[in-house]
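Report on the following structure.
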Amino acid sequence: MADSSESGAFNDAPALEASGIAKHFAGTIALDDADFSCRRGEVHVLLGANGAGKSTLVKILCGVQPPDAGTIRLAGEPVKLENPIRAAELGVAAVFQELSLAPHLTVAENIMLAHEPTGPLGQIRGRELRRRVTELFEQIGIDHIKPNTLTGRLTLADQQLVEIAKALSHDPKTLIVDEGTSALGQEEVRRLFDLLGRLRERGTAIIFISHRMAEVREIADRLTVFRNGTNVGTVDAADMDESHLVELMLGERIEQSFPERAPRPTDNDILLDVDHLSAGELLHDISFQLRRGEVLGIAGLEGQGQGDLLLALFGMVRRLSGDVRVAGKPVNLGSPWKAIRAGFALIPEDRKTQGLLQPQSLRENIALASLKNLSRGGLIDRARERRTADEGMKRMEIKAASMETPVAALSGGNQQKVVIAKWLETGGDIFLFYDPTRGVDVGTKRAFYELIGELARAGKAVMLYSTELSELVGVCHRVLVMNDRRIAETLEDTDITENAILAASLGVRERAGADAEPAATRNIGAAS
Amino acid sequence: DNSACYKAWSGSTKMFSWPHTKKPPYRIALSNSYIGNEWRAEMATIAKMYANRPEVKKLIKDFKISSAGNDVNAQIAQINQMILSGVDAIVLDAASPTGLNSTIERAANAGVLVVSFDNVVTTDKAITINQDQFDMGKRWADFVIKHTGGKGHVLVVRGVAGTFVDQQRYKGGKSVFDKHPDIKTTEVYGNWDNGTAQKVTANAIASGAKFDAVWSEGGDSGVVNAFKQHGLKMPPIAGEAENGFRLAAAKDGFPMMSIGQSAGLVALSMKVALSVLQGEKVPQSIQSPLNIVTNDNLEKGKNYFTGVPDSFFDGVSVPDCGLHFDAKQVYHGID
Amino acid sequence: MIIERYYSSLTAVIGLVLLAILFAYIQPMILSPFGVTMSANQGTTLALAALAQLVVVLTGGVDLSVGAMVGLTNAIAATYMGTHPAIATLVIIGTLFAGTLAGFVNGLIVAYGRIQPIIVTLATLYIYTGIGLVVRPQPGGSVPSGFANALTGSWGYLPYGLIFLLVVVGVAWVPLMRSRLGRAIKAVGDNRNGARVSGISVARTELWAYTAGGFFAACAGIFLTAQTTSGDPTIGTSYTLNSVAAVVFGGAVLGGGRGVALGPICGAYFLSLLISVLFASGVSPFYQNLLQGAILVIVLAAANVWRLRTRHWLNVMSN
Amino acid sequence: MNNVSESKRAVALPSWLLQGVTISYILLVVLFALAAAINPHYASWDNIRNLLQIGAFIGVIAVGQTLVIITGQIDLSVPWNLTFSAILMATLISHGTSTPVAIAAALASGTLVGMFNSIGTAIFRIHSLVWTLGTNALMQGATLVYTHAQPPKVDVPPFIRALGAGNLWGIPVPLMVWIVAAIFALVILHQTRFGRYLYAIGNNESALFLSGVDSRKVYLGAYAISGFCAALAGIMLTGYSSQTYLGMGSDYLLVPVAAVIIGGTNIMGGSGGYLGSISGAMIVVLLQSVLSTVQIQEAGKNIIFGSIIIVLLLLYGREKLSTH
Ligand SMILES: Nc1ncnc2c1ncn2[C@@H]1O[C@H](COP(=O)(O)OP(=O)(O)OP(=O)(O)O)[C@@H](O)[C@H]1O
Ligand SMILES: Nc1ncnc2c1ncn2[C@@H]1O[C@H](COP(=O)(O)OP(=O)(O)OP(=O)(O)O)[C@@H](O)[C@H]1O
Ligand SMILES: [Mg+2]
Ligand SMILES: [Mg+2]
């Protein structure tokens, strides 16, 4: 803000202002005459359904993609952001929705990528580089990540922190965080918010994108809602009316609370019986039972074995010890196909890399896991395949031009629905959901909760791992809290609260906080 | 007396005298490059057969064969290693006519005699033994001229582009064709390989040309097949010494001339190496005469055979030096 | 230096050491200055060709024209070098330039034509071979003996060839990898999209990586010229696929992002020495091919045998 | 949310016209017309039949190669796998084994070598570019050891001759074999579960595995078919040249790969198909044929061949610019 002394007007000029931004892709309008502005020292939340154009706007603001039309002003000055480095020089840096880290470069190398300090011969000055990173880590309070580790060795949450450090290494006046929390657990989000709070105090303008309303509520100073590529409203956090915001986002009014939980199964029809399941250093002595019609949550801090438990049940972890019985019969879980035969279905962690064949059609994706049933003598029965795909699309209310549309052209939420539709077709009994609502907008989330309820009511069993505690509280009958790769606590019914889950995750036996809810206290006592 | 056998390449060829003569028995090594074709395999077998002859065996205490592949670096290392292991002479079929020169000089300085044959090297530090490739190409062309009356369309099937042998044979042929303005040539590259030669010949025929004769450096049974498949009358063909080619000529009686590089050259080279080590003076560059087979002297069991495959190269002997090998035995190998 | 990055070179380093010990056991003479020089010279061309391959492999591509570029630069160097030292120097520079230019053309087509590297370089393999044949229709040419000795001779146990390799590594490879470009090359191979949003121009990075590949191939061509003191347009053929083998054997990953020079260099020497060891141990030439193939396959499998024991199936699928 | 607005489409051509496969066929026709313009004899049935006959060898190999490339891998073991299978067959015949048994043995050998390829790719996860090259070296060694570099003397039986060089009702038998192989490939790729899995592996192997399909078996199948096709081509080539010899496979290392890619199949896997490989094979054969008879130096032919491949791919083989 060099001009602030000359003209008072610039003092009030927003840190970043975009107006009339348009961006078209082949056949798709991502942004259409979109306006947006963000002030210094505020956290400005950008809301919108999947595919509303948020990430596209971010990419344009960071010089990753050029806009088709529109102007961008920084502190009142119109600028041209040709590439990300130029944008960073001008003070705009972002944490992108997809990780931009190179797994085989070190943390320090990643953070300084493309703006390394160089010497007179163009050589990178390694010591200076590490010094800067160490200094940066000190400033932003990261003390548990070593700058010399290969980035791929870090947990997803730590990578996310590195990603943020990378953005901050440009010392930006405007920082954009596009769904930077979607992979983070409660604790990590806490840490990130502390950091954002400090930056806000320093006068950094922060644009924050998330589909988690609880987070939004906590961090937002102002909110802007995008729908179909345009700004449909900006409000102050003080005036925030959640149901109104959701209506703005989706263009329709939906029920905000969780749908009614499926009735808790009363009979003792045990579908899954896991007994002393261990897998080397991945899982220690896991035992639990799951009844038909039950929704069992799994919680815990990042990396405590929740994911590996679901993967192990789906046959993705080899050399297990212990017994697993499905409907009383012992099963051998050596591979996914064995698990599927036993009745398991897994909605995996990352739909892009584990769930979908991106360039292939909806039809092919939905049919993939059940092709055996849809073919005779190795030949695919096309008519049946189409029928199956059609049913799946209807059942999951997938919005797409046709079943021949490539999955890559769907929004994130709809892609996730395709993954689920695939598993509904296999006729499994035990559904393992691995953080299914990650990066999914509120409307779609609600649809997922309803689906989980439906499955339970239909006599299936559901296991749900989620990083979003409210979700576990809202839909589960029971929650297993994991710590150190074993089950630390089991919470039931009304004992399931966010605080209780958090306390159990942290391994806290007695609640220290004064604001503890009675239910949580009771529960922790009871579970031991 | 070998002087009739060790014929100097030309009048200007110098005599080669070896300072490091010594008493037998000797350690000899055969350094070969590529092994993956029939000619080289026959050559390797003949080398073994020759080394096992009683009169030769008593002169040799150790005989080793190694193939480096078409990789000059590997062959350089191989020769170096032979030097290291203290062999007295190296018999060499080189991967490159020029690439080994400096290594050969080193060998000579280290007291190791190098006798190079077939794909010969260009340094005079080694004795080179070969048939005259230029002359071969020339004689094929003379045959073609004779049968076409110096007029008509000739299919020229060349070998592998960029090699010395292909260049020499081609130049020999061209030196003749250039004198006959009524000869029109169509050149294709058959890579000395039956399948490739057959395909390119078929292409040339199918693209509408009518050939009055063929001048071919190799892959000749492929050339014959291509004409047969198109149901054409076989034109006069001048080509290499593959058994399949001679068999076909014997059967169908088309005019042919077949001149082959003899795989027996390896035996001659070993013979020369042994003589020189014992102190005999020989020309630095030795020319082994061409063995020309035409319809007139085609003879079953002598210069073509029924018990060996089409891809067998019939030139296994060096008659002028009394080096005769039995084709069947060469084919079946000795171990 | 991040030690962890060098783990991938372990197979090649251990393999080379074991092979060298075996070699020395079978053929003790190889421990003489001459033996050491000979062994070093044998693998140097392939080691340089492997560097040419590696810089491209790091971006996630592959260069099938390496052998053709080696042959082309060999043909150029041996054809024009003559005997005068000043001219020879100029020709060496010109040869380096020609190789670099060939790499640059590869890079242009890959980066801006956006065609898969494997097919681009397959096509340029034909083109560069053709140009090599134009320059030198048949083997021949000559180089000053001083030039040959300077690269292939030795000072006691110290082969100049090894020094040449170290100089190329020290003067070109290390500075390249220590520059922003080198960092960008690895980042592009490791996470293309990530590199793009971090402000790296992927196309420009690829362009310069292929160009550097051409330069290293020219270095290989020059060394080969010194070693053979002549030019042969078909001489490079074996370096294309062997360089890929050396790079993979040396722990770099086809797909990009991972690989240090140590592994591929050791891999190149391993592959080159193997044939000598087989010869020294007196294996019949017919079996030499079989054993060469079998050893390559077994060593590769052995280096990856841990995959059979992995706990997570997903680890198996992502390299 | 997809705001698909037809009016916004930049290009008005129908999408099928813009696909690689279609363009490759158009280019094939254009190239053919050019060749015929230079030499009218090119349009003769004699020449076309010759091209189809020679194309059949590449075409048959391309069946396996297409399947393997769709999974994102490559098979560079074709040359010596092909040679070994053919020589094995010839040896058996020369020892008096009946033709069908000898053919079956050759096909079995080729298939087994293919399966060996899949071990390195699917189990040890070594890049196929290197592993199959190792297999190729291994098979070269095996051939030399087996034959001592002297392929057997054999009178190639009429049936095998017919496979490689026969004519039935004026149509080359190799072409018929090719047609059968092509139908097989098209059915496999587009009608069967296995074919669907091939594309799935090429796009995202983890997703396929997590859908309960043992991707290792899919690799096994693809490579086995590729080995089978190599052996079949070896048998046909034996018939074509009425003999077996060591250099039989030398033309088939990279040329079939080029044919597949020119036909619009992505070398990274996941897209493409055999329909394109047919035109790819014909384009390659046409180019080779024209260049082999055009009277320019080999150097010039190499340069032209390489340049044309690049130009073809610049026309339609470019990757889409994407931000992902
Ligand atoms: N590279 C692209 N190619 C084609 N279309 C694209 C591309 N990127 C974005 N789009 C289109 O732009 C629209 C907006 O996408 P964008 O990523 O901005 O959504 P978003 O608001 O970030 O969604 P989400 O909440 O799921 O992250 C999408 O519906 C999509 O159709
Ligand atoms: N090649 C493409 N063609 C059409 N649309 C695309 C293409 N690539 C991406 N998109 C669109 O771009 C949008 C944004 O892409 P992005 O990868 O950010 O997915 P997303 O919807 O945000 O999902 P996620 O939450 O998993 O990140 C997607 O909604 C998708 O519709
Ligand atoms: Mg987004
Ligand atoms: Mg999203």
Side-chain angles (χ1 to χ4, degrees), chain C residues 62 64 109 113-120 122-135 137 192-193 196-197 233 241-242 244-245 247-249 253-255 284-298 300-305 307-308 313-314 316-319, chain D residues 74 76 80 116 119-120 123-127 129-131 133-149 205-206 209-210 215-216 253-254 257-258 261-262 266-268 297-310 313-314 317-324:
Chain C
V62 66
L64 296 186
I109 305 173
R114 298 199 307 275
I115 308 174
Q116 283 301 330
I118 191 170
I119 190 77
V120 170
L122 173 61
T124 54
L125 158 80
Y126 282 98
I127 297 176
Y128 299 153
T129 305
I131 298 176
L133 282 168
V134 172
V135 173
R192 230 178 150 71
N193 197 42
R196 187 176 284 128
V197 300
L241 293 172
N242 280 343
V244 179
V247 161
V248 171
F249 187 47
V253 175
L254 293 175
S284 134
F286 295 125
Y287 284 87
Q288 284 174 8
N289 275 291
L290 182 70
L291 285 174
Q292 245 180 308
I295 289 170
L296 177 65
V297 161
I298 289 168
L300 281 174
N304 276 21
V305 78
R307 288 190 187 276
L308 297 174
W313 277 117
L314 283 177
V316 176
M317 256 149 284
S318 59
N319 301 279
Chain D
I74 196 167
L76 296 184
W80 285 99
F116 179 77
I119 292 176
I123 312 271
F124 290 108
R125 299 279 155 177
I126 297 157
H127 201 288
L129 196 64
V130 173
W131 179 263
L133 214 53
T135 308
N136 193 43
L138 203 59
M139 291 317 292
Q140 176 181 6
T143 311
L144 296 183
V145 168
Y146 180 59
T147 61
H148 271 207
E205 186 181 356
S206 300
F209 197 83
L210 281 164
S215 51
R216 297 169 301 177
L253 178 66
L254 292 171
V257 177
I261 296 172
I262 289 174
N266 187 343
I267 189 83
M268 305 305 281
Q297 288 297 308
E298 186 74 354
K301 291 174 187 171
N302 277 321
I303 296 172
I304 294 172
F305 185 69
S307 306
I308 290 181
I309 290 184
I310 288 178
L313 288 163
L314 280 176
R318 307 184 71 187
E319 277 168 66
K320 291 188 192 72
L321 255 187
S322 84
T323 52
H324 287 268

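Of all the listed residues (D/L210, D/L76, D/T135, D/I310), the one sharing the greatest number of non-hydrogen pairs under 4.5 Å with chain C is D/I310. Heavy-atom pairs under 4.5 Å with chain D peak, among C/A245, C/A294, C/A303, C/A301, at C/A301. Of the listed residues (C/L296, C/I295, C/V248), the greatest number of heavy-atom pairs within a distance under 4.5 Å of chain D belongs to C/V248. Annotation: maximal heavy-atom pairing with chain C below 4.5 Å, among D/G300, D/S215, D/S307, occurs at D/S307.
Both the backbone and the side chain of C/L241 come within less than 4.5 Å of a heavy atom of chain D. Within the 4.5 angstrom heavy-atom criterion, only side-chain atoms of D/L129, from C-beta onward, approach chain C. For chain C, no part of D/I304 is nearby; none of its heavy atoms comes within less than 4.5 Å. Of the two parts of C/L122, only the side chain, counted from C-beta on, holds a non-hydrogen atom closer than 4.5 Å to a non-hydrogen atom of chain D. Heavy atoms of D/E205 lying under 4.5 Å from chain C belong to its backbone as well as its side chain. If you measure heavy-atom distances from D/I262 to chain C, you find no contacts under 4.5 Å at all. Contact annotation for D/N266: only side-chain heavy atoms (C-beta onward) come within less than 4.5 Å of a heavy atom of chain C. Proximity to chain C is limited to the side chain of D/L133, based on heavy atoms less than 4.5 angstrom apart.
Atom CG of C/L290 and atom OG1 of D/T143 lie 9.5 Å apart (nearest 0.5 Å). Note that CG of C/L133 and CD of D/E298 are 7.0 Å apart. Values are rounded to the nearest 0.5 Å. Note that CD1 of D/I309 and OH of C/Y126 are 6.5 Å apart. Values are rounded to the nearest 0.5 Å.
With contacts defined as side-chain heavy-atom distances shorter than 4.5 Å, the pair C/V305/D/F124 qualifies. Using a 4.5 Å heavy-atom cutoff, the side chains of C/V297 and D/I126 are not in contact. Using a 4.5 Å heavy-atom cutoff, the side chains of C/I131 and D/I303 are in contact. You'll find the side chain of C/I119 reaches within 4.5 Å of the side chain of D/L313, heavy atoms only.
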>> Working note: D/L314 + C/I115, criterion side-chain contact (heavy atoms from CB on, under 4.5 Å); need CA distance, chi angles, decisive distance, verdict.
In response: CA-CA 7 Å; D/L314 280 176; C/I115 308 174; 3.6 Å; yes
>> Checking D/I74 against C/I118 for the side-chain contact (heavy atoms from CB on, under 4.5 Å) test, could you report, in this order, the C-alpha distance in whole Å, the side-chain angles of both residues, the deciding distance, and whether it holds?
In response: CA-CA 11 Å; D/I74 196 167; C/I118 191 170; 4.0 Å; yes
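The minimum heavy-atom distance between C/G130 and D/A299, with the atom names listed, is O-CB, 3.2 Å. Of all heavy-atom pairs spanning C/N304 and D/R125, the tightest one is ND2-O, 3.6 Å. Among all heavy-atom pairs drawn from D/L138 and C/G293, the shortest one is CD1-C, 3.5 Å.
C/T129 pairs by the side chain to side chain donor-acceptor pair (under 3.5 Å) definition with nothing, not counting sequence neighbours.
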